[in-house]
Asks: 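Please find one structure pasted underneath; my questions will follow.
Computed from heavy atoms alone, side chains included, the values below leave out hydrogens, waters and symmetry copies. Chain naming here is simple, since letters A, B, ... match the order of the sequence lines and numbering starts at 1 in each. Note that the structure is a prediction, hence the values are computed from the model and not measured.
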Amino acid sequence: MTAVLSAEGTGTPPVLPDSRRAGRSRRPRPARSRAGLLPYLLLVPALAALGAGLGYPMVRLVVMSTQEFGLRQQFGAPAPYVGLDNFAEIFGDPYFWDVLRRSLVFCALNVVLTLVLGTLVAQLLARLGTVMRTGLSVALLFAWATPALTATIVWQWIFDARYGVVNWLLTRLGGDFEGHSWLSQPLSFFFVGTLIVVWMGVPFVAFTLYAGMTQIPNEVMEAAAIDGAGAWARFRDVTWPALKPLFIVLAALSTVWDLRVFTQIFVLQQAGGITRETNTLGVYAYRTSAGNDFGLGAAIALVMVGITLLATLFHLRQMFRQEEV
Amino acid sequence: MKTKKVAAILLAAVLALAACGSDDDEGAGTDEGGGASLEAPPADTEATLRVWLNGPDTPDEMIDMAKETFKEQYPDVTVEVERQEWDGIVDRLTNVLPTEDSPDIVEMGNTQAQAFEAAGALVDLSSARDELGGDDLVDSLVEAGTYDGSFYGVPYYGGARIVVYRKDLFEASGLSIPTTMDEFVAAGKKLQADNAATPNFSGIYFPGRNWQATLSFIWDAGGDIAVNEDGEWVGELDSPESVAGLETVQDIMLNANQAPADTDDAEDFLAFCNGEVGMLMGPGWKMGQITGEDGCPGKYDAVLGAFPLPGSDGEVAPSFLGGSNLGISAESQNPGLALAFLKVLTDNPYQTAFAENGLIPVRKSLLGEVQGDEAAEAQAEAAQITRFVPSSENWAEVESGTILHDMGAAIAGGADVQEEATRANDAVVAILNGN
């Protein structure tokens with residue numbers, strides 16, 4: 001059973017479990033050699049656009065991370081080359097490691113929460129009647145379509161210490177939350193941050209997984225139920241293997257986004273809290289640059305790029321391993 | 001192997017594109033100030049002049065008046081005035097000034113001007129100094145606008161800090177205007193106790209990030225931020241005097257205040273309009289903001305009053321001299337026109353209007369004109385003893401690095417004052433000395 005379904009997401013024809021014993025190769029030979037250079041040439045315009053739009057800033061970033069670039073250089077003074085000094089400075093700074101640790105924990109937490117909740121919402125979508133499903137979809141779409149800045153400002157008002165709805169509600173329910181500040185302690189601050197980031201991330205995950213779930217033929221699910229599999233067993237043995245490739249892609253994307261998170265944290269910091277204790281990598285890189293040390297900021301940004309590349313490579317490896325099963 | 005060859009070609013193409021793109025950027029800033037001179041252009045010039053003014057400080061009527069005056073000289077020039085938020089202005093100016101999109105005239109806080117002057121972002125106005133007011137200009141504001149002997153930033157207006165209070169609450173508690181710092185703190189606590197029934201009430205509204213107000217207490221106690229000894233900045237924030245001042249601040253924040261520890265004073269007028277404030281400390285235009293259309297016009301107009309923050313010795317407490325300077329961007333295409341507009345803004349009619357609106361004009365000859373309401377009088381008194389932040393091109397970085405903000409927020413949250421002061425002190429000194 002599992003073998004048939006694991007091929008769903010990859011487009012290769014389903015393989016029978018005893019193909020290995022029959023000695024046949026598992027995949028048809030690639031037709032690449034016959035097409036020649038054409039596929040690559042077709043990619044050039046897109047790559048050129050990407051190169052100009054993304055490549056140039058990347059190159060500037062790498063160059064700037066090896067320079068001492070301050071306010072004067074913004075206005076035309078030449079920038080002295082300092083090699084890897086900027087990197088030495090950040091790696092030797094204990095505050096940087098604090099920020100890094102904080103960002104990684106925040107990212108891990110958000111990715112896990114987004115994926116778990118997204119999966120649950122997708123399951124919900126699959127089981128609802130048409131009217132309710134449309135209603136839920138519309139709600140999810142609104143959450144997804146709201147710009148990050150707008151959403152963060154509204155959430156910040158909801159959690160406002162003096163005039164926010166949450167404090168009002170909790171006080172009505174009997175708690176002592178009059179004037180309680182949600183942003184002044186780092187843990188509470190990141191609780192609100194997580195809430196916003198997960199709220200914005202779940203719709204995409206939910207819709208994608210729901211689409212994946214609709215690909216599973218009903219007969220397979222019915223057969224599993226007839227065989228006596230309970231709901232959890234059906235999920236684990238039927239749904240999950242079908243969704244796995246999708247899941248890995250979503251995990252990779254979520255990791256990249258949640259590590260790079262900027263808007264939500266930055267805007268929340270404006271509203272309250274102690275900046276020093278709530279900086280994540282993206283915000284820290286910005287603040288260092290805004291503090292007129294663009295070289296150092298560029299170095300921090302490059303570290304962030306490095307980490308996201310590693311994470312992406314890891315996920316890609318998972319995906320390729322998936323395909324070989 | 002074929003893949004590798006193709007990949008190498010593509011990579012080379014990308015890098016080549018990147019290299020092509022990088023030419024023009026380096027050149028932009030090295031031109032000498034837009035190329036044109038400061039000569040007044042002919043009266044029939046057609047152009048658009050872009051001016052950035054910050055915050056709600058300049059009243060709309062004054063902007064209209066300036067535009068009309070300027071139109072008489074240059075009927076074919078359109079002056080576009082854009083309002084920017086004070087928050088984050090340094091970042092915005094850093095990003096826009098070196099580009100072609102740069103506005104012609106920008107307003108900078110007097111604590112921020114030095115950084116831009118040092119970086120070469122502004123046109124040298126030394127030759128036009130006399131026409132802009134010369135020796136009649138207030139000295140400390142001229143100082144903020146001067147770097148390395150050259151004059152870049154024209155003083156725009158000055159502002160001292162005052163205390164705005166509710167006369168009816170004072171009467172109800174039997175209080176009169178405090179004349180010493182101790183009386184001030186005691187009055188705040190009495191108001192807090194007498195108005196405990198009002199939710200979120202603050203006797204003295206003191207949000208943690210209000211560093212300009214905090215400075216008055218540090219200076220009043222005999223401390224300071226940092227002093228320059230032979231070119232090195234030596235930190236004073238952790239000195240016993242500064243810490244004593246900060247402890248007074250913490251006393252108020254914890255015992256006479258319910259403003260959120262980690263916000264700034266940008267929205268204090270909202271709390272005031274909600275009836276949650278007995279006294280608040282702010283710039284001279286704060287009263288106008290409360291009674292203006294953004295606040296609550298008509299609600300508290302009759303019971304609003306102002307007085308200067310009293311010092312421990314019975315005189316006024318040293319107050320932070322706020323204010324702005326105007327500069328012409330080095331990338332401006334119309335520096336001559338911009339200079340002509342600057343002359344309108346520093347001229348007697350416009351500056352007198354500032355005085356009538358409760359702000360401190362930048363011409364010494366007009367200082368006596370500051371009249372009208374209590375806010376103006378309180379300011380004039382407070383302006384007698386004013387101090388400034390360390391006069392360094394790196395100060396703007398201290399502000400954008402939120403060091404004093406974080407220190408204030410921590411102290412308001414009840415943290416150990418000496419510890420926070422030392423931490424902030426080390427950070428400030430490191431930045432001022434260029435590390």
Asks: Please flag which part of A:Arg162 lies under 4.5 Å from any non-hydrogen atom of chain B: side chain, backbone, both or neither.
Replies: both

Asks: For B:Asp264, which atoms come within 4.5 Å of any heavy atom of chain A: side chain, backbone, both, or neither?
Replies: neither

Asks: Counting only heavy atoms not in A:Arg260, do more than 12 sit closer than 6.0 Å to its CZ atom?
Replies: no

Asks: State, to 0.1 Å, how close A:Leu71 and B:Ala115 come at their nearest heavy-atom pair, and which atoms those are.
Replies: CD2-O, 3.5 Å

Asks: I'd like to know which of B:Leu97, B:Leu270, B:Asn394 tops the heavy-atom pair count under 4.5 Å against chain A.
Replies: B:Leu97

Asks: With a strict 4.5 Å heavy-atom criterion, list every residue of residues 79-87 of chain A that contacts chain B, or say none.
Replies: none

Asks: For residues 252-263 of chain B, give me every residue with a non-hydrogen atom less than 4.5 Å from any non-hydrogen atom of chain A.
Replies: B:Pro260, B:Asp262, B:Thr263

Asks: So which of A:Ser181, A:Gly273, A:Ser289 has the largest heavy-atom pair count under 4.5 angstrom toward chain B?
Replies: A:Gly273

Asks: Based on non-hydrogen pairs under 4.5 Å, which of A:Gln270, A:Gln73, A:Gln185 is most in contact with chain B?
Replies: A:Gln270

Asks: Whether the A:Tyr163 and B:Asn200 side chains hold a donor-acceptor pair (N or O, under 3.5 Å, no angle test) is what I'd like checked.
Replies: no

Asks: Taking everything shown except A:Asp93 itself, do over 12 heavy atoms lie less than 6.0 Å from its CG?
Replies: yes

Asks: Below 4.5 Å from any heavy atom of chain A, which atoms of B:Arg92 appear? Answer side chain, backbone, both or neither.
Replies: neither

Asks: Suppose we screen for ring pair (Phe, Tyr, Trp, His ring centres under 6.0 Å). Which residues come up paired with B:Phe272, at least two apart in sequence or across chains?
Replies: B:Tyr300

Asks: Taking only residues two or more places apart in sequence, or in another chain, which ones meet A:Tyr95 in a ring pair (Phe, Tyr, Trp, His ring centres under 6.0 Å)?
Replies: A:Tyr284

Asks: I need the B:Glu393 CD to A:Asn292 CG distance, nearest 0.5 Å.
Replies: 10.0 Å

Asks: Counting C-beta onward and ignoring hydrogens, is there a side-chain heavy-atom pair between A:Gln269 and B:Thr402 closer than 4.5 Å?
Replies: no

Asks: Please flag which part of B:Glu399 lies under 4.5 Å from any non-hydrogen atom of chain A: side chain, backbone, both or neither.
Replies: neither

Asks: For the backbone of A:Thr275 and the side chain of B:Asp406, can you confirm whether one donor and one acceptor N or O come within less than 3.5 Å of each other?
Replies: yes

Asks: When only pairs under 4.5 Å are counted, which of B:Ala266, B:Ala118, B:Pro199, B:Pro207 shares the most heavy-atom pairs with chain A?
Replies: B:Ala118

Asks: Chain A heavy atoms under 4.5 Å from B:Ala271: which part of the residue, side chain, backbone, both or neither?
Replies: both

Asks: Please check if atom CG in A:Leu187 has more than 12 non-hydrogen atoms from other residues, nucleotides or ligands closer than 6.0 Å.
Replies: no

Asks: Looking only at heavy atoms and a cut-off of under 4.5 Å, which of B:His405, B:Glu267, B:Arg209, B:Glu276 has the most pairs with chain A?
Replies: B:Arg209

Asks: Can you say whether A:Phe294 sits under 4.5 Å from chain B via the side chain, the backbone, both, or neither, judging by heavy atoms?
Replies: side chain

